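Data first, discussion second: the structure below is written as structure tokens.
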Amino acid sequence: MQEPNNTTPSPPAHDTACSLPHDLKALTFSKALDALRQAQQATAKLNNEPNRLPLSQLVELPKVFQIRSAEVDDRHVSDLLKALNIHGALDPIVVWRCGRRNFVVDGHHRVAAYRLWRKSKELPVVFFKGTVDEAIEHAETVNGKATLGITYEERSNYAWKLVVHAELLGRLSKAQLVKRANIAKGTIDNMRAAFAALGERAVSLPGWRDAMTEWKKGLQDGDQDFDESWQEAEAMKIADRLGKEFGKRLAKKPDVTAKAFNHLLGRKAREVALLMLEEEGLSVILRDEDGNEVDDLDSYEQTVRELPEIPF
């Protein structure tokens, strides 16, 4: 059995005809994507793709291929670094070849870990075969399944980018936007409404929160669509912080979580509990311990029960 080629081959001669701009990272998303689309058509296929590449030959272009924010998660990189020290290697980096460059499609955190490790001159790679548009969709898919959770802010910012560039990316429909960004239909509706209202200004707004701020300026006070979008964004910002701190522990022990939030929220815990049920489309009739209906939460006084002694 022939061993796979571990060395980086010299690019074919006619690759020079599809050279990419040197300032590719400084270009806007639309201009960078256009440059990649043009260059991919003239990029020659390699007969023997290497399964390892020097770190210096990997190009990161987060504005095109990174679904998360451009900054890596230090905690995740630290975990990967520990894995490198134990196993000496990580899963291959997914790269896409265009012109003479190898772009990182999936594995930005692994690249960051290898940079810190400094014990390997070459990294394991696997080449993605397809167009730049297909490579972008591949990055969306694998990041959507990744164990390192994407925050709501990152998902909403990416969804906003897709909405703004929907025409450029093939006239993405609402269903496609929902699927690719993994975000609610209502949020996509609001993003499209904001985009329609903002016009050309939308392109210069990097994130959904920035877009909402600008969108609000042209609306009447109390606009329901905006209010719901703002509430959702604020709620998910809190959810992101709780998730980062507690992971899945809150969902695994709902009884403990309920007690914790009851202590944290005090008398407001009752109102929050009712609003949470309404979010699920439920309504309840409240009764006290004697079976009497409670219609005024503010005046309701719970029977004080003596708590068991906490053993610490």
Side-chain angles (χ1 to χ4, degrees), residues 3-9 11 20-27 29 32 36 46 49-128 132 135-158 161 182 206-207 237 240-249:
E3 289 295 324
N5 181 14
N6 289 333
T7 61
T8 307
L20 289 160
H22 291 293
D23 61 345
L24 190 62
K25 292 185 178 181
L27 298 180
F29 170 76
L36 292 168
L46 297 178
E49 293 173 342
N51 57 20
R52 300 182 72 83
L53 284 174
L55 183 59
S56 60
Q57 291 189 18
L58 298 182
V59 180
E60 294 178 87
L61 193 61
K63 72 176 62 177
V64 175
F65 299 108
Q66 177 70 302
I67 310 306
R68 299 182 174 93
S69 63
E71 296 181 3
V72 297
D73 185 289
D74 291 336
R75 182 183 298 181
H76 187 50
V77 173
S78 178
D79 290 340
L80 291 172
L81 190 57
K82 292 176 183 176
L84 271 174
N85 285 323
I86 296 172
H87 304 291
L90 299 172
D91 290 339
I93 313 297
V94 179
V95 298
W96 176 72
R97 183 170 173 271
C98 185
R100 298 189 177 196
R101 306 188 203 180
N102 304 295
F103 293 94
V104 177
V105 173
D106 177 49
H108 293 81
H109 285 82
R110 277 166 275 164
V111 171
Y114 274 110
R115 281 202 185 97
L116 293 174
W117 196 46
R118 298 180 181 178
K119 293 182 181 180
S120 179
K121 295 181 179 180
E122 294 188 330
L123 280 60
V125 298
V126 59
F127 281 79
F128 177 83
V132 61
I136 292 171
E137 290 192 56
H138 177 77
E140 293 168 357
T141 301
V142 295
N143 277 275
K145 298 178 181 178
T147 53
L148 174 63
I150 302 176
T151 66
Y152 176 81
E153 182 177 9
E154 289 171 324
R155 280 192 290 114
S156 62
N157 286 346
Y158 188 72
K161 183 171 82 169
N182 192 24
K237 185 167 67 173
D240 284 343
R241 294 179 65 181
L242 287 172
K244 189 172 183 179
E245 179 67 28
F246 298 103
K248 297 180 180 179
R249 282 184 291 168

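We're numbering straight along the sequence, starting at 1. None of these values were measured; they are calculated from a predicted model.
Considering only residues two or more places apart in sequence or on other chains, Y158 meets the side chain to side chain donor-acceptor pair (under 3.5 Å) condition with E140. For the side chain to side chain donor-acceptor pair (under 3.5 Å) test, residues two or more places apart in sequence or in another chain that qualify with R115 are E60. Every side-chain contact (heavy atoms from CB on, under 4.5 Å) that A113 has, sequence neighbours left out, goes to V77, L80, L84, L90. Partners of P206 according to the side-chain contact (heavy atoms from CB on, under 4.5 Å) rule, which considers only residues two or more places apart in sequence or in another chain, are D210. Applying the side-chain contact (heavy atoms from CB on, under 4.5 Å) rule to A89 yields the partners Y114; only residues at least two apart in sequence or on another chain are considered. K121 pairs by the side-chain contact (heavy atoms from CB on, under 4.5 Å) definition with nothing, not counting sequence neighbours. With sequence neighbours excluded, the residues satisfying ring-ring contact (aromatic ring centres under 6.0 Å, His included) with F128 are H138.
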message: I'd like to know whether V125 forms a side-chain contact (heavy atoms from CB on, under 4.5 Å) with N51, so could you lay out the CA-CA distance, the side-chain angles of the two residues, the decisive distance to 0.1 Å, and finally the verdict.
response: CA-CA 5 Å; V125 298; N51 57 20; 5.5 Å; no
Please walk me through it: do K119 and N85 pass side-chain contact (heavy atoms from CB on, under 4.5 Å)? CA-CA 9 Å; K119 293 182 181 180; N85 285 323; 4.0 Å; yes
Which is it for V132 and F65 under the side-chain contact (heavy atoms from CB on, under 4.5 Å) test, yes or no, and what are the steps along the way?
CA-CA 9 Å; V132 61; F65 299 108; 3.9 Å; yes
message: For a side-chain contact (heavy atoms from CB on, under 4.5 Å) check, start with the C-alpha distance between V95 and V126, then their side-chain angles and the critical distance, and finish with the verdict.
response: CA-CA 6 Å; V95 298; V126 59; over 6 Å; no
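Looking at R100, its side chain never comes within 3.5 Å of a backbone N or O of L20 through a donor-acceptor pair. No donor-acceptor distance shorter than 3.5 angstrom exists from the side chain of R97 to the backbone of F103, with no hydrogens or angles considered. With hydrogens and angles ignored, the 3.5 Å screen pairs no side-chain donor or acceptor of S120 with any backbone N or O of L123. Formation of a donor-acceptor pair under 3.5 Å by the T141 side chain with backbone atoms of E137 is found in this model. A donor-acceptor pair under 3.5 Å is absent between the side-chain atoms of Q66 and the main chain of K63, judged by distance alone.
With rounding to the nearest 0.5 angstrom, the CD atom of E122 is 10.0 Å from the CG atom of L58. Interatomic distance, CG of N102 versus OG of S56, reported as 10.0 Å (0.5 Å rounding). Rounding to the nearest 0.5 Å gives a distance of 11.5 Å between NE2 of H109 and CD1 of I93.
Side-chain contact between L61 and L24 is present, with at least one heavy-atom pair separated by less than 4.5 Å. A 4.5 Å side-chain heavy-atom check between V94 and V142 finds every atom pair outside the cut-off. Within the 4.5 Å cutoff, the side chain of C98 has heavy atoms near those of the L36 side chain. No side-chain heavy atom of V104 sits under 4.5 Å from any side-chain heavy atom of W96.
Residue pairs meeting the salt bridge (Lys or Arg N to Asp or Glu O under 4.0 Å) criterion with at least one partner in residues 77-94, sequence neighbours excluded, are absent.
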